Amino acid sequence: MATENEPQTAISQIVFNNLKEMLKAKNAAHESIFKLHWKKMWPFNLLWPQVDYLRIIRLMQEIEKNTVSQKAFIRKNISAAGEKEIDFLKAVPAYLDSLADSCRKLAVVAQFKQDKLEKKQDRSVFKFNQILKDYEKSQTDLVNRGALLQLSWIDITQ
């Protein structure tokens with residue numbers, strides 16, 4: 001992840017690159033949980049290792065910590081930003097909050113599936129359905145805030 005030790009790069013570029021990396025990691029975790037793949041089907045799932053939900057939970061916690069550090073980085077360096085960057089940098093904290101919320105909800109999904117694997121709880125379809133609805137809502141919020149952020153980024157790049 002890029003840091004403040006790169007003075008030649010615009011602050012908005014550093015933040016944008018960091019956002020891309022965090023979102024890439026979150027999307028990879030999302031796909032490993034939800035994407036249908038032939039290795040997840042019987043009898044192939046007996047041969048290949050399956051999704052490691054505990055790693056996904058830790059990764060989501062790490063992304064959430066990074067969102068906090070990115071907001072601190074923005075607060076610290078927004079005064080050094082150019083005029084064109086200000087709107088983008090002001091829109092980023094709301095996006096980071098949505099990303100952190102989405103990561104928390106995805107971690108809940110992964111924890112539910114891990115508990116199911118370990119047979120710690122019964123297979124409550126209603127509970128899992130509510131968990132998925134919460135995650136879907138947070139994903140919708142993330143996409144909406146991402147669209148606003150993208151508009152601000154387009155203004156910078158033009």
Side-chain angles (χ1 to χ4, degrees), residues 1-3 10-41 45 50-78 81 84-118 120-158:
M1 201 179 272
T3 62
I11 294 167
S12 60
Q13 185 66 48
I14 294 169
V15 171
F16 184 74
N17 290 339
N18 292 344
L19 289 175
K20 282 194 314 189
E21 291 301 315
M22 286 189 281
L23 193 59
K24 192 185 305 181
K26 191 234 167 248
N27 287 340
H30 171 93
E31 283 188 15
S32 71
I33 290 178
F34 294 112
K35 189 175 180 182
L36 183 63
H37 194 276
W38 63 270
K39 287 184 181 179
K40 291 182 182 179
M41 296 178 171
N45 64 0
Q50 296 303 299
V51 178
D52 188 352
Y53 298 114
L54 297 176
R55 280 189 181 168
I56 289 173
I57 293 166
R58 286 193 301 269
L59 177 64
M60 295 302 102
Q61 291 168 345
E62 189 64 33
I63 293 172
E64 195 173 344
K65 288 178 195 171
N66 286 335
T67 62
V68 172
S69 66
Q70 278 300 294
K71 287 195 287 189
F73 175 74
I74 291 169
R75 276 193 304 273
K76 181 180 175 187
N77 294 298
I78 197 164
K84 292 174 81 175
E85 297 175 295
I86 297 294
D87 287 338
F88 173 76
L89 293 175
K90 285 184 177 178
V92 170
Y95 180 78
L96 288 170
D97 290 339
S98 293
L99 181 61
D101 183 54
S102 182
C103 288
R104 275 191 298 275
K105 302 283 173 65
L106 187 58
V108 170
V109 171
Q111 186 64 58
F112 182 89
K113 289 186 168 261
Q114 180 66 31
D115 290 347
K116 193 169 90 172
L117 280 177
E118 296 175 2
K120 287 184 178 178
Q121 64 185 13
D122 58 340
R123 296 180 177 205
S124 173
V125 175
F126 299 113
K127 182 178 178 183
F128 189 61
N129 187 36
Q130 186 59 47
I131 289 170
L132 289 178
K133 283 183 180 180
D134 290 344
Y135 177 63
E136 182 182 13
K137 185 177 179 290
S138 70
Q139 275 297 101
T140 302
D141 186 43
L142 180 66
V143 168
N144 291 339
R145 292 191 189 216
L148 293 173
L149 195 67
Q150 190 173 17
L151 290 174
S152 299
W153 180 250
I154 289 172
D155 289 342
I156 292 173
T157 57
Q158 287 181 347

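Just so you know, residue 1 is the first one in the sequence shown, and it goes up from there. Here the structure is a predicted model, which is why all the values come from computation and not from measurement.
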Undergrad: For Y95, check ring pair (Phe, Tyr, Trp, His ring centres under 6.0 Å) against everything at least two apart and list the hits.
TA: none
Undergrad: Taking the side chain as everything from C-beta on, heavy atoms only, tell me whether I11 gets closer than 4.5 Å to I78.
TA: no
Undergrad: Quick check: do R104 and E64 have side-chain heavy atoms less than 4.5 Å from each other?
TA: yes
Undergrad: Drop me the distance from E62's CD to R58's CZ, to the nearest 0.5 angstrom.
TA: 11.0 Å
Undergrad: Whether the side chain of N77 engages the backbone of F73 through a donor-acceptor N/O pair (distance < 3.5 Å, no angle test) should be reported.
TA: yes
Undergrad: Could you pull out all residues at least two apart from Y135 that satisfy ring pair (Phe, Tyr, Trp, His ring centres under 6.0 Å)?
TA: H30, F34
Undergrad: How close do M60 and A25 get, counting heavy atoms only, and between which atoms?
TA: CE-O, 4.4 Å
Undergrad: Does some side-chain heavy atom of L149 sit less than 4.5 Å from a side-chain heavy atom of F16?
TA: no
Undergrad: Keeping the roles fixed (side chain from S102, backbone from L99), state whether a donor-acceptor pair exists under 3.5 Å.
TA: no
Undergrad: Taking only residues two or more places apart in sequence, or in another chain, which ones meet D97 in a side-chain hydrogen bond (donor to acceptor under 3.5 Å, both in side chains)?
TA: K71
Undergrad: Sequence neighbours left out, what passes side-chain hydrogen bond (donor to acceptor under 3.5 Å, both in side chains) with D155? Give chain and number order.
TA: none
Undergrad: Is there a side-chain contact between S69 and N66, using heavy atoms and a 4.5 Å cut-off?
TA: yes
Undergrad: Hey, are the side chains of I156 and D87 touching, using non-hydrogen atoms and a 4.5 Å cut-off?
TA: no
Undergrad: Is atom NZ of K90 surrounded by more than 12 heavy atoms (other residues, nucleotides or ligands) closer than 6.0 Å?
TA: no
Undergrad: Is any side-chain heavy atom of L96 closer than 4.5 Å to one of V92?
TA: yes
Undergrad: Is any side-chain heavy atom of V125 closer than 4.5 Å to a side-chain heavy atom of F128?
TA: no
Undergrad: State the CG-CG distance between L54 and L59, to the nearest 0.5 angstrom.
TA: 12.5 Å
Undergrad: So, for Q70 and N18, which heavy atoms are closest and what is the spacing to 0.1 Å?
TA: NE2-ND2, 2.8 Å
Undergrad: Rounded to the nearest 0.5 Å, how far apart are NZ of K26 and CD1 of I56?
TA: 11.0 Å
Undergrad: Just jot down the side-chain hydrogen bond (donor to acceptor under 3.5 Å, both in side chains) partners of R75, sequence neighbours excluded, or say none.
TA: none
Undergrad: Could you go through residues 105-114 and list every donor-acceptor pair under 3.5 Å that involves a side-chain atom there, pairing it with any protein atom two or more places apart or in another chain?
TA:
{"from": "K105", "atom 1": "NZ", "to": "D101", "atom 2": "OD1", "distance (Å)": "3.4"}
{"from": "Q111", "atom 1": "NE2", "to": "D115", "atom 2": "OD1", "distance (Å)": "2.9"}
{"from": "Q114", "atom 1": "NE2", "to": "E118", "atom 2": "OE2", "distance (Å)": "2.6"}

Undergrad: Set out, in order, the CA-CA distance, both residues' side-chain angles and the distance that settles salt bridge (Lys or Arg N to Asp or Glu O under 4.0 Å) for E136 and K133, then state yes or no.
TA: CA-CA 5 Å; E136 182 182 13; K133 283 183 180 180; over 6 Å; no
Undergrad: Who passes salt bridge (charged side-chain N to carboxylate O under 4.0 Å, His left out) against E85, sequence neighbours left out?
TA: none
Undergrad: Apply salt bridge (charged side-chain N to carboxylate O under 4.0 Å, His left out) to K20 and list each qualifying residue two or more places apart in sequence or on a separate chain.
TA: none
Undergrad: Please identify each residue that fulfils side-chain contact (heavy atoms from CB on, under 4.5 Å) with A28, with sequence neighbours left out.
TA: none
Undergrad: Assess the residue pair E21 and N17 against the criterion (side-chain hydrogen bond (donor to acceptor under 3.5 Å, both in side chains)); give the C-alpha distance rounded to whole Å, side-chain angles, the decisive distance to 0.1 Å, and a yes or no.
TA: CA-CA 6 Å; E21 291 301 315; N17 290 339; over 6 Å; no
Undergrad: Return the set of residues passing side-chain hydrogen bond (donor to acceptor under 3.5 Å, both in side chains) with D141 (not counting sequence neighbours), or none when no residue passes.
TA: S98, R145
Undergrad: Of all the heavy-atom pairs spanning Q158 and K84, show the shortest one and how long it is.
TA: O-NZ, 2.9 Å
